[in-house]
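Below: one structure, written as structure tokens.
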Protein chains: 2
Amino acid sequence: MNTETLANLFKALSEPIRLRILALLLEKGELCVCDLVGTLNLSQSVTSRHLAYLRNNNIVTARREGVWMYYQLTHYAQSELKPLFNFIQQNIAHNKEIQTDLANVGKTARC
Amino acid sequence: MNTETLANLFKALSEPIRLRILALLLEKGELCVCDLVGTLNLSQSVTSRHLAYLRNNNIVTARREGVWMYYQLTHYAQSELKPLFNFIQQNIAHNKEIQTDLANVGKTARC
DNA sequence: AAATTATATTTGCCTAGGCGAATATAAGCA
DNA sequence: TGCTTATATTCGCCTAGGCAAATATAATTT
């Protein structure tokens, strides 16, 4: 991996909203966009753009099921980035915001 | 750690030049600015600004010795961020650019 | 086909932060 | 006190990427 690639990875993770999405996917495995919109309490547009950013950086992948799009971590992310994600989880798992997010998944789905 | 703090940390690491500086400090422990300018082959201004960014994010600390400024990782970074730095090292240590940097330290000092 | 729902993308606006060039500061020395 | 060297900071310019609002697309239903 060259420094530019690694820098781009960190840039993809340098946004609170994207870290919250990541934390949710790490715990839940796969989530629908409407779950994320409801849980994160963000506009559809903002949520979708951040997901696109993560997609473009090969961190998440999307699967369509009817009208719904389900997102999960890419195989690449799940394997190669595991140590990095462990670091992230250990550092934000106890955060109140993250715990609230996790508690809200499923209860706040918008669709 | 909240998501904003973690995001700021990743933003600090989302620059190839700052990653190269980090890789050098991880290997060498402490380096003078002029070493970095020579090794990275960057202008003094660019190098200094990136070091300031790392300083402002509590990743490096500076010590003056006469005219020279010596930089090293903060205690905080050396302890709390160790797992993250291990990930970084494992992912870029074999990179040609990084190895060239390491080989050049000391040989290219500008002062 | 038209309407509805879920999601993605575009547009306009604004800020952070990149760079080079210039300038400021700090230390050491003649 | 100047002069030189090392380093830091500022300025002007430019791009990436944040947001909200609007619009486009894709699937489903009637």
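The model shown is predicted, which means the values in this text are computed figures rather than measured ones. Numbered from 1 within each chain, the chains take letters A, B, ... in sequence-line order.
Residues satisfying the side-chain hydrogen bond (donor to acceptor under 3.5 Å, both in side chains) test with B/T3, not counting sequence neighbours, are A/E97. With sequence neighbours excluded, no residue forms a ring-ring contact (aromatic ring centres under 6.0 Å, His included) with A/Y53. For B/R55, there are no salt bridge (charged side-chain N to carboxylate O under 4.0 Å, His left out) partners, not counting sequence neighbours. Residues meeting the side-chain contact (heavy atoms from CB on, under 4.5 Å) test with A/T74, sequence neighbours left out: A/N58, A/T61, A/Y76, A/A77. With sequence neighbours left out, A/T5 forms a side-chain hydrogen bond (donor to acceptor under 3.5 Å, both in side chains) with A/N2. With sequence neighbours excluded, no residue satisfies side-chain contact (heavy atoms from CB on, under 4.5 Å) with A/V67.
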Review point. Along nucleotides 24-30 of chain D, 5' to 3', which nucleotides get a B, which get an S, and which get a -, given that the test is a protein heavy-atom distance under 4.0 Å?
Key: --SSS--
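With hydrogens and angles ignored, a donor-acceptor pair under 3.5 angstrom links the side chain of A/Q44 to the base of C/dA8.
Protein atom CG of A/L13 is 12 Å distant from nucleotide atom P of D/dG18, rounded to whole Å. Between the CG atom of B/N8 and the P atom of C/dT15 there is a distance of 18 Å, rounded to whole Å. Between the P atom of D/dA6 and the CG atom of B/L36 lies a distance of 14 Å, rounded to the nearest Å. Atom-to-atom, CG of B/N57 to P of C/dA16 comes out at 14 Å; the value is rounded to the nearest Å. Atom CG in B/D35 sits about 18 Å away from atom P in D/dT5, given to the nearest Å.
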Exercise for review: Starting from the C-alpha separation in whole Å, work towards a yes-or-no answer on side-chain contact (heavy atoms from CB on, under 4.5 Å) for A/Y71 and A/L51.
Suggested key: CA-CA 8 Å; A/Y71 280 81; A/L51 285 168; 3.8 Å; yes
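Tested against B/R18, the residues B/I59, B/L54, B/V60, B/L13 include a single side chain to side chain contact (heavy atoms under 4.5 Å, CB included) partner, B/L54.
Closest to the B/W68 side chain, of the nucleotides D/dA6, C/dT9, C/dT7, is D/dA6.
Sorted by first then second residue, the salt bridge (charged side-chain N to carboxylate O under 4.0 Å, His left out) pairs that include residues 57-78 of chain A, not counting sequence neighbours, are A/E30-A/R63, A/R63-A/E65. Residue pairs satisfying the ring-ring contact (aromatic ring centres under 6.0 Å, His included) criterion with at least one member in residues 8-38 of chain B, sequence neighbours excluded, are listed as follows: A/F10-B/F10.
Contact annotation: B/Y71 side-chain N/O to D/dA6 OP1/OP2 distance is not under 4.0 Å.
Put simply, the side chain of B/S48 never gets that close to the backbone of B/Q44: no donor and acceptor are under 3.5 Å apart. At least one donor-acceptor pair closer than 3.5 Å links the side chain of A/S79 to the backbone N or O of A/H75.
The stretch residues 19-33 of chain A touches DNA chain C through A/C32, A/V33, each having a heavy atom within less than 4.0 Å of the strand.
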Are any protein N/O atoms closer than 3.5 Å to N/O atoms in nucleotides 2-4 of chain D? If there are, list each pair with its distance.
none

Just the atom pairs and distances: protein N or O near nucleotides 18-20 of chain C's N or O, under 3.5 Å.
residue	atom	partner	partner atom	Å
C/dG18	OP1	B/R18	NH1	2.7
C/dG18	OP1	B/R18	NH2	2.9
C/dC19	OP2	B/H50	NE2	2.8
C/dG20	N7	B/R49	NH2	3.3

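For the residue pair B/L19 and B/I92, the shortest heavy atom distance occurs at O-CD1, 4.4 Å.
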